[in-house]
Amino acid sequence: MGVRGLHGFVGNACPEACTVVNLKEMAEKYQIHQAGSTPVIVVDAMCCLRHWYTPESWVCGGQWLEYLSVLQDFIKAFTTAGIKLVFFFDGVVEQKKRCEWVKRRLRNNKEISTIFQFIKTHRRQPGREMFFIPSGLATFTRFALKSLGQETVCSLQEADYEVASYGLQNNCLGILGEDTDYLIYNTCPYFSINKLCLNSLVTVMFSRENLCQRLGLNVTDLPLLACLLGNDTVPEGMLENFRQKCLSGYSSAKQNNDRRTNTILAVANYISRVLRLQQGMKDLEEMLPLRQNKTVFYRGVASYLLPGQQSPWLLQIPSLETSDKEEATMCSDSEILQIAKEQHVQAENYLVYNILSNGEIECSNTLEDELDPELPGQALIFRPIRQHIYSLLLEDSKDACSSCPIIKEWFVYFGNQLKQPELVQPIKLDIPGGTPSLRTLWLSKEAEVQAQRFNTFLACFHLWNEREELQVLENSLKALCCLLIYLLCQVDTLSLEDLNAFIAQTLCLQGKSAAQLSGLQKCWLTEFQKLKSLICKACMKSNRALQSRQRGNEFIKESESRRWDSNFQRSHQPRFSSLYHNPNQCRGPRPYSTRFETDPSGRGYRSEDQSQKKRRFQYTPRWPR
């Protein structure tokens, strides 16, 4: 994130830019000088997840109530000091950063593979040195913070830009995060989350002014420096030769400095000694070897300019002073689009606005073992549900051929090299009486619409015929049963023991505090049996009979001969059945291993025979009993 090596440079070669501050004392001074105003700190929540998430059992998803308790303590420390927090989350991946996003996702896949190899070898999860954020944590954290009464914002463009803009425009006390871009933006003070001591509210504040004094630059030069060094917008390799020339001509380079430190000093020296002298006489394009990359470079510099700001390096290209992002919409109903936008910003839903606006969504890495042949990636398991949701959202946006627009998916799973998005066709829901419109589902106040909402939800999971049994359950258990029935019918390697574990975990955690959980032994037996019976009956209606399968307590050590290449994985991806137009013929989702009709792009094909698949793969024990 940001400029690679800049944090290290500031810590090692420019300690004067790091000042230890007490946020409580700063808040008190703020209130003296800004009478009647509440000091606000803007929190880059994506930078803080690793700081907040401390449970030991992170491989298994960790302990939710303990995590919620950590968030409560974090908020309390600031509110006690009279500081208001505003939390920002990433809500979109901008096209100019898609390449960098893909590189990081593929790099994360290698880290995850190492984690699973460690588990199989040592029969325990690795320590925090191999820590990886559990799946969905950022999404769940948004709703957790909202439930705790906090102002939570989901960005419409790059989150760090919106954080910096909010901090500047609202005269905030500062920004709390861990991203070197906050050293580049000309905004309010930047505080380190990694250096924060919560009990005392003491942390490190990074000074742009002191950094510039060390480098011989002005604050307005920092965006240029960031792009010459390489960042998320300007690939680091694009100007490698230029940096080499700067380094070779930099006489003050010290042998006791690392190469990155000398490079930063050399590029800064070139800006102040060469570029600034020629500024005004020549365009930046003439002074730098940009060639065909000039547009990317200019956009990179302009991306650091907050509302109302200008750059002395971009005066001759005003059309690039601001982002050229245009909002292309796939939704024909402007009111619905506006509601989706507002809910997106307020973090009240997830991905809906991205679908309605430009029809492109992404899902980052999840903790999945690429060498486990029993379980397909979650991106593939849940694609049929997403296809129904796409159809529901875009039903009013059909073209003349009566087909919904194609959705572009950037979902990470083993075998997907993310060279381009996968084109996914929406699939119409099959509900007796017809599918209600999105406007009806969202805006209608009529009493009968609540039943329509529930029926539509069940139809996404192909559980229309289970509505009577599910209706009597409380909402959290309805969601659990729908999810488990769907998973058990899609993935035929899941067993009764897996079902028992899912239900037991849900019931044991229900209504218990973190302290109570530590002494919890055995309860909820009646409720356990009721839910288990409901789920098993629903699976039987779909010809899915759950079997007991007691896994051994030995892990299989993977050898190089078992490693799948991407072509092998793609040729054995799970095949999902398409929509069942007659609910009396099939009352639920089919197992992923059955034959079916279309691939994600809509082309017809048939999966390999089930008996062949069973001969090819052997069951692999995963966890001890």
Side-chain angles (χ1 to χ4, degrees), residues 143 348-352 355 378 380-396 404 407 424-492 494 499 502-503 506-507 510 527 530-546 576-592 594 596:
F143 296 107
E348 293 177 357
N349 61 32
Y350 181 59
L351 294 181
V352 171
I355 297 167
Q378 61 85 21
L380 299 173
I381 292 175
F382 293 109
R383 178 172 285 169
I385 295 180
R386 295 197 302 275
Q387 289 176 287
H388 289 320
I389 294 174
Y390 300 154
S391 174
L392 185 66
L393 293 174
L394 300 173
E395 181 68 20
D396 296 331
C404 286
I407 301 299
V424 178
Q425 175 70 56
I427 297 179
K428 184 177 175 60
L429 285 166
D430 191 358
I431 304 176
T435 304
S437 69
L438 192 60
R439 173 172 283 273
T440 299
L441 293 172
W442 278 13
L443 303 181
S444 177
K445 305 293 185 181
E446 297 179 8
E448 61 268 19
V449 174
Q450 185 61 31
Q452 287 183 302
R453 293 182 180 118
F454 182 57
N455 291 338
T456 304
F457 174 79
L458 293 179
C460 290
F461 288 87
H462 302 289
L463 293 176
W464 170 264
N465 291 310
E466 312 303 326
R467 62 188 181 281
E468 292 184 6
E469 292 85 352
L470 292 168
Q471 183 71 53
V472 299
L473 301 176
E474 60 180 270
N475 286 340
S476 62
L477 295 181
K478 287 176 188 174
L480 170 74
C481 290
C482 290
L483 178 62
L484 290 182
I485 294 169
Y486 180 85
L487 281 175
L488 290 165
C489 289
Q490 291 284 1
V491 185
D492 57 5
L494 294 176
L499 174 59
F502 281 128
I503 299 177
T506 300
L507 295 177
Q510 193 176 53
E527 188 75 6
K530 182 177 73 172
L531 294 179
K532 181 177 179 179
S533 175
L534 187 157
I535 293 170
C536 288
K537 287 179 181 178
C539 289
M540 286 296 293
K541 292 179 183 178
S542 299
N543 299 319
R544 169 72 162 103
L546 292 175
F576 296 98
S577 55
S578 61
L579 179 66
Y580 311 121
H581 294 286
N582 186 347
N584 294 322
Q585 285 184 340
C586 185
R587 304 182 181 182
R590 300 174 183 174
Y592 77 86
T594 57
F596 72 118

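Both backbone and side-chain heavy atoms feed into the values below; hydrogens, waters and symmetry mates do not.
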Practice item. Please test Leu484 against Leu494 for side-chain contact (heavy atoms from CB on, under 4.5 Å), starting from the C-alpha separation and ending with a verdict. Key: CA-CA 10 Å; Leu484 290 182; Leu494 294 176; over 6 Å; no
Exercise for review: Show the numbers, then the answer: is there a side-chain contact (heavy atoms from CB on, under 4.5 Å) between Leu473 and Leu480?
Suggested key: CA-CA 10 Å; Leu473 301 176; Leu480 170 74; over 6 Å; no
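A heavy-atom distance below 4.5 Å is not found between the side chains of Asp430 and Trp464. Side chains of Glu395 and Thr435 form no contact here, defined as non-hydrogen atoms less than 4.5 Å apart. When side chains are defined from C-beta on, Pro436 does not count as touching Val449, because their heavy atoms never get closer than 4.5 Å.
With sequence neighbours excluded, no residue forms a ring pair (Phe, Tyr, Trp, His ring centres under 6.0 Å) with Phe143. With sequence neighbours left out, Leu483 forms a side chain to side chain contact (heavy atoms under 4.5 Å, CB included) with Phe382, Leu487. Qualifying side chain to side chain contact (heavy atoms under 4.5 Å, CB included) partners for Ala545, counting only residues two or more places apart in sequence or in other chains: Met540, Gln547. The salt bridge (charged side-chain N to carboxylate O under 4.0 Å, His left out) search around Arg467 returns none, not counting sequence neighbours. For Lys530, the salt bridge (charged side-chain N to carboxylate O under 4.0 Å, His left out) partners two or more places apart in sequence, or in a different chain, are Glu527. Taking the side chain to side chain donor-acceptor pair (under 3.5 Å) definition, one finds that Ser437 meets it with Thr440, sequence neighbours left out.
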Residues 532-539, side-chain donor-acceptor partners within the protein, below 3.5 Å, at least two apart:
residue, atom, partner, partner atom, Å
Lys532, NZ, Asn500, OD1, 3.1

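Between the Arg544 side chain and the Gln490 main chain, no donor and acceptor come within less than 3.5 Å of each other. Between the Tyr486 side chain and the Ile381 main chain, a donor and an acceptor come within less than 3.5 Å of each other. A side-chain donor-acceptor contact under 3.5 Å links Thr506 to the backbone of Phe502.
Using cut-offs of 30° and 60° for the angle between ring planes, the Phe461 and Phe457 rings count as tilted.
Residues Gln378 and Arg386 share a closest heavy-atom pair of O-NH1, 4.4 Å. When all heavy atoms are compared, the tightest approach of Ile427 to His388 is O-ND1, 3.1 Å.
Screening Leu441, Leu438, Ile389 against Thr456 for a side chain to side chain contact (heavy atoms under 4.5 Å, CB included) leaves a single residue, Leu441.
Atom-to-atom distance recorded for Leu463:CG and Cys489:SG is 8.0 Å, nearest 0.5 angstrom. Atom NE2 of His462 is separated from atom CG of Leu429 by 8.5 Å, given to the nearest 0.5 angstrom.
Applying the side-chain hydrogen bond (donor to acceptor under 3.5 Å, both in side chains) test to pairs two or more places apart or on separate chains, those with a residue in residues 442-453 are Gln450-Arg453.
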